[in-house]
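Notes follow the structure.
Lettering of chains follows the sequences in order, A, B, ..., and the numbering in each one begins at 1.
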Protein chains: 2
Amino acid sequence: MRERERHILDAAVRVIAEDGVQGLRIGKFAAEARVSTALIYHYFEDRAGVLRHALEYLDLRAAAHIEEAVPADLCPRAALDRMLLVELQSALDVRMHCIAWGELRASAVFAPELRETLRSTTGEWVDHVADVMREVVETAHGSPAPDLTGAAERLTTLVEGLSKRWLSGYCTIERTRELLSGAITAELATI
Amino acid sequence: MRERERHILDAAVRVIAEDGVQGLRIGKFAAEARVSTALIYHYFEDRAGVLRHALEYLDLRAAAHIEEAVPADLCPRAALDRMLLVELQSALDVRMHCIAWGELRASAVFAPELRETLRSTTGEWVDHVADVMREVVETAHGSPAPDLTGAAERLTTLVEGLSKRWLSGYCTIERTRELLSGAITAELATI
DNA sequence: GTCTATAGGAAGATAGAC
DNA sequence: GTCTATCTTCCTATAGAC
């Protein structure tokens with residue numbers, strides 16, 4: 001991916017974070033990227049192409065984001081907290097990313113063509129969380145853990161739900177993070 | 001509310017469930033309600049008015065929905081299950097309601113004017129769930145329960161998150177319900 | 001209250017010069 | 001690759017008759 005393309009896709013993510021996927025207007029997007037609308041159509045075939053590329057770009061950044069936030073030498077319990085809490089931060093770029101991810105999820109309700117991307121990304125995230133949970137449990141108990149997919153699905157789903165409540169003004173970021181921490185503890189306690 | 005208005009608002013909910021809040025087109029909405037666009041503007045001032053009324057109507061129906069699903073003589077544990085699982089059903093009208101509610105939540109990220117309605121409805125729902133949880137705990141333990149607001153917030157949030165995953169094709173309705181049941185059990189176990 | 005017809009404007013997409 | 005200018009379509013909202 002060229003520098004220019006990344007610059008344009010960053011603008012797309014900003015506009016989506018401001019107006020939503022359905023609210024993305026090519027004109028506003030082009031202005032945000034400081035290029036003409038014609039150039040947008042030169043890079044991406046049409047409006048759907050813009051969304052497709054923007055959401056794939058988001059996907060790429062999400063993986064990098066998690067790896068960056070979780071150093072390899074962290075103990076499993078701390079790593080679990082980190083990887084789940086990393087999306088729930090008030091910093092502007094994290095917040096933007098979070099809004100855009102929520103929009104991707106919401107769009108897939110009406111746009112089946114997005115579902116496959118979403119399914120694989122979500123699946124990888126769930127598996128990753130389940131792996132770390134297994135490490136936590138086996139480190140603590142010293143015995144093999146049962147299947148943790150369900151617990152990992154609940155926790156990752158809770159992250160998505162909490163992010164929407166936070167972003168829609170229902171609770172503060174501190175409260176949101178506190179609720180998630182409580183859920184992690186509750187899930188681990190029942191294993 | 002007159003019969004005619006309810007009929008029109010039902011059409012609005014159907015269209016929102018099909019295309020989303022931002023995807024609602026007055027023309028399609030009018031056609032769905034089998035009236036002219038002019039009549040839409042006669043009943044609701046403008047497009048924003050349509051959304052406002054549709055979402056308030058949704059709100060009204062949600063409360064009725066829960067009361068209907070939870071008979072007064074049900075034991076607290078069963079009532080808790082019912083009131084949380086009631087939105088997660090594949091029946092077409094429930095599914096529609098669920099999509100529209102998700103859209104309301106998602107819209108509030110970009111439309112601050114919707115947040116107050118959303119906040120009060122959510123708050124009432126959380127309080128209701130917390131009350132029933134208290135009954136469950138006090139029936140089982142025989143001693144006063146601690147504050148359960150956090151647990152109720154997590155469970156209701158999980159319902160919202162799970163509904164989005166279900167509706168976006170990530171998991172089946174059976175799996176979704178199973179995950180929620182698991183979470184209810186986990187939350188109760190840690191009290 | 002309800003309709004038909006349409007004004008007026010926004011937005012997606014393209015043509016063609018540089 | 002990048003722009004300006006514009007075409008066309010679609011959509012909100014209104015005018016005015018019944």
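Considering only heavy atoms from C-beta on, B:Lys164 stays 4.5 Å or farther from A:Glu160 through its side chain.
Of the possible donor and acceptor atoms, one in the side chain of A:Arg82 sits under 3.5 Å from a partner among the backbone N and O of A:Ala69. A:Glu138 places a side-chain N or O within donor-acceptor distance of the main-chain N or O of A:Ala145, the cut-off being under 3.5 Å. A donor-acceptor pair is defined here as one N or O able to donate and one able to accept, closer than 3.5 Å; no such pair exists between the side chain of A:Arg105 and the backbone of B:Arg165. Counting only distance, with no hydrogens or angles, the side chain of A:Glu135 and the backbone of A:Pro76 share no donor-acceptor pair below 3.5 Å. Judged purely by atom type and a 3.5 angstrom limit, A:Arg119 uses its side chain to pair as donor or acceptor with the backbone of B:Gly169. Looking only at distances, a side-chain donor or acceptor of B:Arg115 sits under 3.5 Å from a matching main-chain atom of B:Ala108.
D:dA13 atom C1' lies 15 Å from atom CZ of B:Phe29, rounded to whole Å. Between the CD1 atom of B:Ile26 and the P atom of C:dC3 there is a distance of 15 Å, given to the nearest Å. Between the CZ atom of B:Arg34 and the C1' atom of C:dC3 there is a distance of 16 Å, rounded to whole Å.
Shown for residues 10-25 of chain A: residues whose heavy atoms fall under 4.0 angstrom of DNA chain C, namely A:Leu24, A:Arg25. Sorted by residue number, the members of residues 38-47 of chain B with any non-hydrogen atom under 4.0 Å from DNA chain C read B:Ala38, B:Leu39, B:His42, B:Tyr43.
When the options A:Arg95, A:Glu174, A:Arg177 are evaluated for a side chain to side chain contact (heavy atoms under 4.5 Å, CB included) with A:Trp166, the one that passes is A:Arg95.
Of the side-chain N and O atoms in B:Arg2, none sit less than 4.0 angstrom from OP1 or OP2 of C:dG1.
Of the two residues near DNA chain C, B:Arg4 and B:Thr37, the one whose nearest nucleotide lies more 5' is B:Arg4.
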